[in-house]
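Comments concern the structure below.
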Amino acid sequence: MAHSVLRKRVVGSNGRLAALGWARRGFVALLLTASALYGSGGSSADPGQGSRRKPKAPDNRGSRTATPKEQLQDADFAAAVKQWTTRPEFSSPLVDHLPKSPDVPSPKDVLGHHIGAPKVLTYYAQAVDYYRALAAKSDRVKVLPIGTTDEGRECVVVFVASEETIRNLEQYRGHLARLADPRSLTEEQARDVIARAKPIYHLMGGLHSGETGPPEMLMELAYRLAVEDSPLVQRIRDQIIVSITPVAEPDGRDRYADWYYRHRVDVTDERARIPGPPYWGKYIFHDNNRDINYSQVTMRRLLAWYLEWHPPIMHELHESVPFMYTFSGQAPQNPTLDPILYGELPWFSNFEMAQMIKYGMPGVWTHAFVDMWSPGYLGFMASNHNGMLRMYETFGNAGATTMKRKVEPSPDAPPIPGAGNPTSREWYRPLPPYKEVEWSMRNNTNYMETGVLSALDLASAFPRVILENFYRKSRNSIESGKKDAPYAFVIPAGQPDRTRVDYVVNTLRLQGIEVGRAREEFKAGGVTIPAGSYVVKRDQPYGRLAKILLEKQSFPDPALRTYDDTGWTMGLMTHTDVREISDKSVLDAPVDPVSEAKTRGVFPSRDASYGYAVAHRGSNRMITLRFRLKDVDVSALDAPLQAGNTKLPAGSFVVKAAARTRLAAAVEELGLDAVVLDAAPPVPMHALEPPRLALYSTWGSTQEVGWVRHALDAFEVPFELIYKERVRKGNLRSSYDVIVVPSQARSGKGLVYDLEPRGKPFAYTRTEQFKSLGMYGESEDITGGMALEGVLEFQKFLASGGLVITLGSSSFFPPEFGLTRTIEASRPSPQFYAPGPIVQAEILQPKHPVFYGYTTDLVPVRYAGGPLLSMPEEDRSRQVLMRFSGGEAGVLSGLMRNPNEIRNRPAVVESPAGAGRVLLFATNPCYRWQNHGEFNMLFNALLNFNDFARADSSGPVTNGK
Ligand SMILES: [Zn+2]
């Protein structure tokens, strides 16, 4: 069959190959060589495996005749693809044809169009319908529901393999589970399991909704894998199991398709720079690929599926650089991951590059784009669990409209990080992309699908190697925990705030990491570990992952750049005491396995005559408690108070006895601690009125706002999400006490003017036709920003006593627009480089309500790239609440180049403005569901929004408390 396909291609292509000139003639010979490979069936490349298997009888399901050579082809498909492919070399013999089946529906049979049709995007429900239709007619396909998204769409995983495999899927799942945790296997038993197992190769499209091609391509791929009888596809079906996440962000897919049809479908000029929709999924946009703690529902569904099925390979399909980049795991690399992985990654990417160049496809390259440092990308769930992450970036038009694309960057354009000029010839890019190109959705489909089929070709040629590697990496992870310190991480019992300890334990558990609870006190490394402490032993299959998440990140080479954050150490991010244990005896400490950590709060059994105090020890659930009792009077202690044996820190809540029942239920469920007060506390208190809270969002940059929204929702804090429309309406003070401006845009100007007007309005409103638009806010035109009239409304809000809180880069806004007259915001030098390290900060005014619940003056914070703030000397001691320590010693995890530039620079500033105040965070105290230790700086500010002056009365404190 492959012979015939290739022959057809070569013969039929003679004219066009000749037209392409001498240079391309060599490919004819290469294609003929390739035909020998494809004609040989599956066994030659993997004799060990092949010789054990009985030859299979030809299977004619999905083909008109029993002989694959005569499999009926879809002429309409071939003609359409030829027409939609803008140059012949943008296709390959693997994808220029599609078998026609009498009973198994092709994408066109269900959707009404072939994949890659110009100006057509498939909605999510249609895609799921297609996979269900395919599964209904083919015993080689199975659709598995795995839960629902934020907006209620069903998540599914689609399996494609031989009938035998699909019939026995559960058995194959069992084999992989045994290899994933080989503790009960001898080497010999493992060999036996490997001989019977098949690797799952998992493909994911549609994580980033603007990258529209992969969800289309995957439908065609599924069909092709189900029906094509070429030796290549037969071998893939027989030797491996292909599984598919059709769309990793289903909510965003529909919203993007709506937006595309409403605003983009007819735009053929890439210079028109039409904005995208303000939202993809519910909260976090592009960062769904940076959700290291799996905070988002849809990512959790996939992780839960992963931990049940253990695909050794997970392959993410993205779109950005031309024409196709295949990830090779370049430096900087995380050294804690198994070194085998770093051999596997280029093994695959080099094979794909060579194959596709052989087919004559230009612009396929590897290396020099995304590195192997941050473990937070979605597909890393495989690498982190001893499998392999794979990734493509293909060239997309952010829709399905054919466009002329300028590929070579203009000389003054900023270089693509890591990729430089993508049209240059480099050792890793031997046949570079063209400088200019007419590009279509079908081109993109051809590249992706040819790449994926090449990867599946390799995987099906070496299934045993993939399984052996998966097994070996799992085994190595366990062995490494017995050989290499640290042997365990301990989270000691008795920490003041148990709720963040719960968070750390449960986040580890979510990822399948085993956590034990010490049955009794024990000694390790000369330190006494109390009973009840959590112990994460490293001699477990995911011991390496535990180390990656809990250890301090030491960036290997400060000269290297990286694609995302350099630091994520969980103990530092959460302000939780997590200790590395380098004494091997810890592996023998008796522990009980923990499935979930859920601290019950402590509420006194005795009725109080006056009321109760709830200790503020830094739990992020204090704010939840406040809003659960929003109609009850709650006060906060201005100063610490000794109540019996309990020391109540400043900021602790005081609630009158009458609210006992509700208070008790909330305190117990939230894991807080309450004590009886028999009389009014002898220290001053202030009332904690629940603030009327607004969150300001631009339309052009909703992502960081989304993380704050997610955290506020998770902690049950009510707020109103407002945009330029509400701000311009004015009279903000009548509606709100506090406006939080999460990190957005790169400058004050960017925040104020936001998306550039394009001469016509871009409506984000719900209509009968576009039901996914207008969610989380509506606008008749998302461009233009709040502009100066909006700034004026902020000024009026401040003048009438409001509190504005700016986070991260939004803290450029108040100084740049004069809301804080005496504060200046500047930027570090070009030599400064700080991709998300964790650094030390010093709390200068520990009595300020912002720091209720913090017990030390030195705290770890994530460096957020906010402004370098300065102010006149006379204001400094009063206004600067926290500052960065700076210097090399101040870098606690990850990389900061030239750390002296932030030495003693303000990290949190409170500045009076009119009758109101501005609280500027140069940090981002609510970052990606990671820095739970900083959340309270924001939450305290909200709870005590009209009580900041209480701290001033005693003046600044610079040491101790
Ligand atoms: Zn992407």
Side-chain angles (χ1 to χ4, degrees), residues 121 124 127 149 202-218 244-257 259-260 264 270 275-292 294 296 298-299 302 314-330 349 363-366 368-383 389-400 405 416-419 422 439 441 443-445 447-449 451-452 455 562-565 701-704 706-707 928:
L121 289 184
Y124 182 65
T149 67
H202 188 70
L203 294 153
M204 300 184 277
L207 178 63
H208 292 150
S209 308
E211 302 163 14
T212 52
E216 305 289 342
M217 184 282 285
L218 287 169
I244 295 172
T245 294
V247 179
E249 175 51 275
D251 300 338
R253 174 67 180 188
D254 284 355
R255 202 160 1 263
Y256 195 90
W259 186 262
Y260 173 73
R264 279 189 130 144
E270 67 170 337
Y279 292 95
W280 291 347
K282 181 176 182 183
Y283 289 113
I284 56 165
F285 221 76
H286 199 268
D287 263 5
N288 56 12
N289 202 24
R290 311 287 190 278
D291 188 12
I292 188 171
Y294 295 90
Q296 303 300 303
T298 313
M299 307 312 134
L302 194 63
M314 288 187 92
H315 188 153
E316 284 185 42
L317 300 167
H318 289 266
E319 287 175 11
S320 60
V321 290
F323 295 140
M324 184 174 130
Y325 161 80
T326 163
F327 177 67
S328 62
Q330 73 183 64
S349 58
V364 179
W365 52 288
T366 182
F369 188 39
V370 179
D371 59 81
M372 226 18 221
W373 183 248
S374 165
Y377 308 113
L378 187 66
F380 255 79
M381 81 173 67
S383 311
L389 151 80
R390 305 215 55 237
M391 181 175 48
Y392 291 166
E393 301 278 351
T394 53
F395 202 38
N397 288 349
R405 300 286 302 271
I416 298 170
W439 195 253
M441 176 64 112
N443 294 352
N444 185 15
T445 306
Y447 270 78
M448 266 185 280
E449 195 173 345
V452 166
T562 183
Y563 200 72
D564 203 68
D565 284 348
S701 181
T702 62
Q703 175 157 287
E704 296 301 326
W707 282 112
R928 288 185 183 173

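First listed ligand is number 1; within each ligand, the first listed atom is number 1.
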### Message
Is it the case that the side chains of S209 and E249 hold a donor-acceptor pair, with the cut-off being a distance below 3.5 Å and no angle test?
### Response
no
### Task
Evaluate the side-chain hydrogen bond (donor to acceptor under 3.5 Å, both in side chains) criterion for residues N444 and E319: first the C-alpha distance (whole Å), next the side-chain angles of each, then the deciding distance (0.1 Å), finally the verdict.
CA-CA 9 Å; N444 185 15; E319 287 175 11; 2.8 Å; yes
#### Entry: the Zn ion (ligand 1): protein N, O or S atoms that are less than 2.8 Å away, sorted by chain
H208 ND1, E211 OE1, E211 OE2, H318 ND1
### Task
Tell me, please, which residues at least two apart from S374 pass side chain to side chain contact (heavy atoms under 4.5 Å, CB included).
Y377, D564, W568
### Task
Report the residues that fulfil ring-ring contact (aromatic ring centres under 6.0 Å, His included) with H208, sequence neighbours left out, ordered by chain and then residue number.
W280, H286, H318
### Message
Tell me every residue that passes side chain to side chain donor-acceptor pair (under 3.5 Å) with T702, counting only those two or more places apart in sequence or in another chain.
### Response
none
#### Entry: Cationic N near anionic O, under 4.0 Å, R290 to E704
no
